[in-house]
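Everything on this sheet refers to the single structure shown next.
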Protein chains: 2
Amino acid sequence: MSFHYQYARPALAVDCVVFGLDEDLQVLLIQRDIPPFEGRWALPGGFVRMDETLDEAAKRELEEETGVTRVYLEQLYTFSELDRDPRERVVSVAYYALVKLSDHRVKAATDAREAAWFSVIDLPKLAFDHDRVLATALARLKGNVTYKPIGFELLPPKFTLSQLQRMYEVILEKELDKRNFRKKVLTMGFLEELDEVEQDVAHRAARLYRFDKKQYHELMKQGFHFEL
Amino acid sequence: MSFHYQYARPALAVDCVVFGLDEDLQVLLIQRDIPPFEGRWALPGGFVRMDETLDEAAKRELEEETGVTRVYLEQLYTFSELDRDPRERVVSVAYYALVKLSDHRVKAATDAREAAWFSVIDLPKLAFDHDRVLATALARLKGNVTYKPIGFELLPPKFTLSQLQRMYEVILEKELDKRNFRKKVLTMGFLEELDEVEQDVAHRAARLYRFDKKQYHELMKQGFHFEL
DNA sequence: CCAAAAGTGTTTCACTTACACCCATGA
DNA sequence: TCATGGGTGTAAGTGAAACACTTTTGG
């Protein structure tokens with residue numbers, strides 16, 4: 001590699017896989033309004049600028065295209081197949097994030113494009129290689145959710161233990177035992193029991209809990225190991 | 001993003017963190033023979049060509065610069081700090097690999113550069129942000145080794161249980177109980193017990209074992225979960 | 001015969017799993 | 001009063017951790 005490198009370069013882009021939780025696990029998509037893949041749904045994303053890092057580019061593109069802001073984006077994988085974009089060589093760094101769907105239910109796209117939530121179990125065929133990107137993100141989510149408390153990002157600040165359990169069941173695609181689940185998460189010691197219950201339900205109201213981030217980090221420092 | 005995207009682009013490079021095992025955990029470095037950081041040690045790597053994927057670029061650069069070939073490179077992380085290269089904007093995709101040090105003890109660099117193994121616990125200051133890249137790779141290795149049998153890549157095809165245990169101790173930086181360790185790895189059922197013992201040792205010769213990849217994948221399919 | 005590492009079992013304790021009924025509430 | 005989910009305990013089994021001595025071999 002010489003001092004002045006001036007061969008042709010691939011273009012560099014970012015794509016964002018943003019998950020939310022409803023009955024199902026949901027993902028945020030935008031509808032493309034220009035070729036290629038005009039009209040097809042795609043992951044929000046775009047090209048990286050010279051004066052921003054990849055993290056910054058991902059955050060900016062996500063906000064520009066979907067209005068979603070203040071989310072923690074984590075780098076997922078960099079995709080570099082030669083033909084992943086029919087126009088030219090584009091290498092894309094994928095990010096993923098978990099958001100409280102309630103905070104982003106109506107998304108005001110700042111440009112003309114349409115953004116919408118889709119259940120991951122009933123998706124349209126996506127543009128580019130975004131099916132593959134999404135599959136990678138889903139696998140990562142499934143793999144991480146059991147040993148990092150990332151799932152809490154999907155829930156509102158106050159939640160019931162049943163909501164928490166349903167979240168794990170949806171992501172892991174398997175049922176969990178209610179008593180064992182409650183025992184486990186409560187003994188971990190970072191759920192703050194509130195003196196409040198859920199409202200407007202047609203049955204006994206469940207107690208609300210809050211994820212105590214400080215306490216969690218305190219436990220981490222002491223070598224605590226979260227699992228399941 | 002317009003059809004013809006022609007803004008300035010970052011250069012795109014790959015860097016390879018290749019681990020080997022001796023008494024300590026080792027990493028393969030090359031000495032730079034041009035500025036910037038002339039004379040400093042760095043991770044092998046270089047710019048990505050238009051006709052190759054990132055995986056291919058990493059493999060090619062590693063071979064060109066160190067002679068190391070036929071290793072399984074896994075993508076690690078993409079680094080994009082604005083000033084990580086003093087010449088110009090360079091985004092670099094890092095890869096990591098584990099190799100049997102015995103196979104690569106003498107490395108014949110194909111060009112003039114020097115390549116050498118360094119213990120990770122006694123490293124020179126590296127060029128660019130390679131200290132950070134290496135730290136990321138070490139963290140990943142430590143995190144993965146307990147629940148994927150990747151560590152076997154560091155050992156020769158036939159190894160003793162003590163060698164296997166030492167490998168885990170070196171990577172995890174903690175001591176393990178001999179009896180419990182042997183019990184555990186043997187009950188997992190993918191170690192093939194050979195009718196051979198190690199040679200030329202000044203004490204009782206230990207039995208040799210082989211990692212049975214087929215059996216491991218068979219167990220995986222049946223939902224087996226490797227850990228520690 | 002000495003040094004050096006190989007090899008081997010048992011007990012204790014903690015955690016995981018399986019499992020079923022009563023309770024509180026709003027409609 | 002009924003339907004709906006909320007909330008609770010125990011027993012059995014499995015796996016992790018702690019722990020020390022004998023065996024083999026070459027020098």
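Small disclaimer: the values here were computed from a predicted structure and weren't measured. Quick note: numbers below take in every heavy atom, side chains included, and nothing from hydrogens, waters or symmetry partners.
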Side-chain H-bond candidate by donor/acceptor type, Tyr96(A) with Tyr72(A), under 3.5 Å: no
What's the CD-P distance between Glu227(B) and dT16(C), to the nearest Å? 11 Å
In whole angstroms, the gap separating C1' of dG6(D) from CZ of Phe159(A) amounts to 16 Å
What I want to find out is whether Arg84(B) reaches Asp15(B) closely enough, with some N-O distance under 4.0 Å, to be called a salt bridge. yes
Please state how far atom CG in Asp200(B) lies from atom P in dT25(D), giving the value in whole angstrom units. 14 Å
CG/Leu172(B) to CE/Met167(B) distance, rounded to the nearest 0.5 angstrom? 8.0 Å
Hey, can you pull the residues of residues 201-210 of chain B with a non-hydrogen atom under 4.0 angstrom from DNA chain C? His203(B), Arg204(B), Ala206(B), Arg207(B)
The correct set of residues in residues 162-176 of chain B placing a heavy atom under 4.0 Å from DNA chain C is Ser162(B)
Taking the six-membered ring where the residue is Trp, are the ring centres of Tyr209(B) and Phe159(B) under 6.0 Å apart? no
What is the distance, rounded to the nearest whole Å, between atom CG of Asn180(B) and atom C1' of dT8(C)? 12 Å
So, are Arg60(A) and Asp55(A) salt-bridged, with charged N and O less than 4.0 Å apart? no
With a 6.0 Å cut-off (strictly less than), is the heavy-atom count around CD of Glu175(B), excluding the residue itself, greater than 12? no
Spacing of Leu228(A) atom CG relative to dG15(D) atom P, expressed in whole Å: 16 Å
CG (Leu123(A)) and CG (Leu134(A)) are apart, to the nearest 0.5 Å, by 6.0 Å
Check whether any side-chain heavy atom of Phe79(A) lies under 4.5 Å from a side-chain heavy atom of Arg132(A), and answer yes or no. yes
So, Glu173(A) and Lys142(A), do they make that salt bridge, N to O below 4.0 Å? yes
Euclidean distance, atom CG of residue Asp177(A) to atom P of dG13(D) [Å, nearest integer]: 18 Å
Residues of residues 181-198 of chain A with any non-hydrogen atom less than 4.0 angstrom from an atom of DNA chain D: list those, numerically ordered, please. Arg182(A), Lys183(A)
Provide, to the nearest angstrom, the distance between the CG atom belonging to Leu161(A) and the C1' atom belonging to dG7(D). 10 Å
Could you tell me whether Glu196(B) and Arg207(B) have a side-chain N and a carboxylate O separated by less than 4.0 Å? no
Please determine, by modelled atom types, if Thr78(A) and Thr78(B) share a side-chain donor-acceptor pair under 3.5 angstrom. yes
